[in-house]
Amino acid sequence: MKQVISMVGFKAIDAGPLENAPLLEAIYHLRKEICNSTKEKTDYHFKLISV
């Protein structure tokens, strides 16, 4: 699946087990709310980093 994702131009990452799905969905909904609440026509993206 990672190869298919890369072929269409996205960078695939392994976000861990399926149990992490609700966390990733929460990030998506947060981004959507931020974009919809601003008056600008700007799309915001989050980048996951390791420290």
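Computed from a prediction, not measured in an experiment: that's the story for all the values here. All residue numbers in this chain count up from 1 along the given sequence.
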remark   = In this structure, CD of Gln3 is separated from OG of Ser6 (nearest 0.5 Å) by 7.5 Å

key: Minimum heavy-atom distance Ala15-Leu24, with the two atoms named   = CB-CD1, 3.5 Å

message = Within this structure, what is the CE-CD1 distance for the pair Met7 and Ile5, rounded to the nearest 0.5 Å?
response = 11.5 Å

query = At what distance, to the nearest 0.5 angstrom, does CD1 of Ile34 lie from NE2 of His29?
reply = 13.0 Å

task = Could you tell me which residues satisfy side chain to side chain contact (heavy atoms under 4.5 Å, CB included) with Pro22, sequence neighbours excluded, listed by chain and number?
result = none

